[in-house]
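Position 1 is the first residue of the sequence; numbering continues from there.
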Amino acid sequence: MSGSESRFPKSLIEFQGRFASESACAEYLFERRWPEGFVCPGCSEGRAWLLKTKAFTYECAGCGRQTSVTAGTIMHASKLPLTIWFWAAFLMATHSNGISALQLQSQLGLGSYRTAWMLCAKLRRAMVNPEREPLSGVVEADETIIPFRTKNDPIVVPAGRSGVGKMLVAGAVEVDGGTPRRARLKVIEGFGKDEIHAFVLGAVAPNTRLVTDDWPSYNDIPDIKHKAITVGPMAAHIALPWIHRLFSNLKRWGLGVYHGLRRTNLQHYLDEFVFRFNRRRTRHAAFDTLLGIGARTAPVPYQVLIRKAA
Ligand SMILES: [Zn+2]
């Protein structure tokens, strides 16, 4: 556990005490952004004035440039208080099952469902790091069919491997010394060779040792060391334990949190599930990532911050 992880609030009470006001939130952002003290992104000057007319905005004493503590984060230009953003990110990062817009609305006392939904949607968009590293080493991969519901129907549970009119998901889990590390999940159109190859090549690094069942679509993927295991239907969870556990957790999560996943935005829900799985031991990092705060050891030019936020 890193130092900042151990200092991160462990309970709702602790969190509430630490981030009780707008200025406490702004101070946290300031410390994450300028751990060595203010540095002007324009001219690298270290002296600045806190403006009285604009919230949490500093004016450089050297060049006069104004920089907000929220610039480059998902909170920038939002009308919601920082305390609401912080609470929403904390709940989303620390709830082991995540939280729906409806739950968020009632927990934070938000005036409208629309606001809660937008908040959730923005936080969810922040869950995929575009520069994330592909899985490597030993990786289990498999595919599954996710039950979904339509607006009026009860939950539909499709059966069999053919995927007409069903939600198909491909998954992969990196396994290191018998312990699962990171995962990937992707909505696919079918279980054919093209879809499976595209998923694997997008999720894993060259020379990965890929372990699958004997479904032929996994054969002959370029630059992959493939091991296919022939398994009966009862033994799949033994041969490929981690990907099977991931799929069953995903299905339970979908039913529990959203009362059945829907076809719309399914990939975003998969991204949320993977985000939480991959950061299950680093809640502090999860919280920062959700708010769009990179852990920066060196000052990053303003233009780079802006590009990162896009
Ligand atoms: Zn300056």
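At least one donor-acceptor pair under 3.5 Å links the side chain of Gln267 to the backbone N or O of Leu185. Put simply, the side chain of Ser78 never gets that close to the backbone of His76: no donor and acceptor are under 3.5 Å apart. With hydrogens and angles ignored, the 3.5 Å screen pairs a side-chain donor or acceptor of Glu174 with a backbone N or O of Ser136. Checked by atom type and distance alone, the side chain of Trp34 pairs as donor or acceptor with a backbone atom of Val39 at under 3.5 Å. In terms of modelled atom types and a separation under 3.5 Å, the side chain of Glu140 and the main chain of Ile243 share a donor-acceptor contact. Side chain of Glu22 to backbone of Thr83: a donor-acceptor contact under 3.5 angstrom is found. Checking side-chain atoms of Ser217 against main-chain N and O of Phe191 turns up a donor-acceptor pair under 3.5 Å. Here the side chain of Arg33 pairs no donor or acceptor atom with the backbone of Tyr28 at under 3.5 angstrom. Judged by distance alone, with hydrogens and angles left aside, the side-chain atoms of Thr70 form no donor-acceptor pair with the main-chain N or O of Thr73 at under 3.5 Å. A side-chain donor-acceptor contact under 3.5 Å links Arg276 to the backbone of Met92.
A salt bridge links Arg32 and Asp288; the closest N-O separation between the charged side-chain nitrogens and carboxylate oxygens is under 4.0 Å.
Contact annotation: the side chain of Leu123 approaches that of Trp85 to within less than 4.5 Å [non-hydrogen atoms, C-beta and beyond]. Side-chain contact between Ile221 and His226 is absent, with no heavy atoms from C-beta onward closer than 4.5 Å. For the pair Arg65/Glu59, no side-chain contact is recorded, criterion being any heavy-atom separation below 4.5 Å from C-beta on. Asp271 has its side chain out of reach of Arg124: every pair of non-hydrogen atoms, C-beta onward, lies at least 4.5 Å apart. At a threshold of 4.5 Å between non-hydrogen side-chain atoms, the residues Val187 and Leu168 do not count as touching. Side-chain contact between Ile229 and Val211: present, with at least one pair of heavy atoms (C-beta onward) separated by less than 4.5 Å. Contact check for His244 versus Asp142: side-chain heavy atoms found under the 4.5 Å cut-off. A 4.5 Å side-chain heavy-atom check between Leu135 and Thr208 finds every atom pair outside the cut-off.
When every heavy atom of Cys120 is checked against every heavy atom of Ser100, the shortest pair comes out as SG-C, 4.2 Å. Between Cys60 and Cys43, the shortest heavy-atom contact is SG-SG, 3.6 Å. Between Phe19 and Cys25, the closest heavy-atom pair is CB-SG, 4.0 Å. The shortest heavy-atom contact between Ala20 and Ala24 is N-CB, 4.3 Å. Nearest approach of Ile74 to Ala126, heavy atoms of both residues: CG2-CB, 4.4 Å. Closest non-hydrogen pair, Phe56 versus Ala26, comes out as CD2-CB, 3.3 Å.
If you run side chain to side chain contact (heavy atoms under 4.5 Å, CB included) between Arg184 and each of Val173, Asn278, Leu246, only Asn278 comes through. For the side-chain hydrogen bond (donor to acceptor under 3.5 Å, both in side chains) with Tyr218, the qualifying choice from Glu143, Lys227, Lys193 is Glu143, the only one to do so.
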Applying ring-ring contact (aromatic ring centres under 6.0 Å, His included) to Trp49 and Tyr58, what does each step give before you reach the verdict? CA-CA 5 Å; Trp49 291 282; Tyr58 294 82; over 10 Å; no
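The same ILVMFWY cluster, assembled from side-chain heavy atoms under 4.5 Å apart, contains both Trp215 and Val200.
Between Phe30 and Phe38, the ring planes lie parallel to each other; the angle is under 30°, not in the 30° to 60° tilted range. Aromatic ring pairs are classed by plane angle as parallel below 30°, tilted from 30° to 60° and perpendicular above 60°; the pair Trp87 and Phe90 is perpendicular.
Atom CZ of Arg209 sits in a sparse spot, with 12 or fewer heavy atoms from other residues, nucleotides or ligands closer than 6.0 Å.
Taking the ring centre of Phe15 as origin, the terminal cationic atom of Arg18 falls outside the region bounded by 6.0 Å and 45° from the ring axis.
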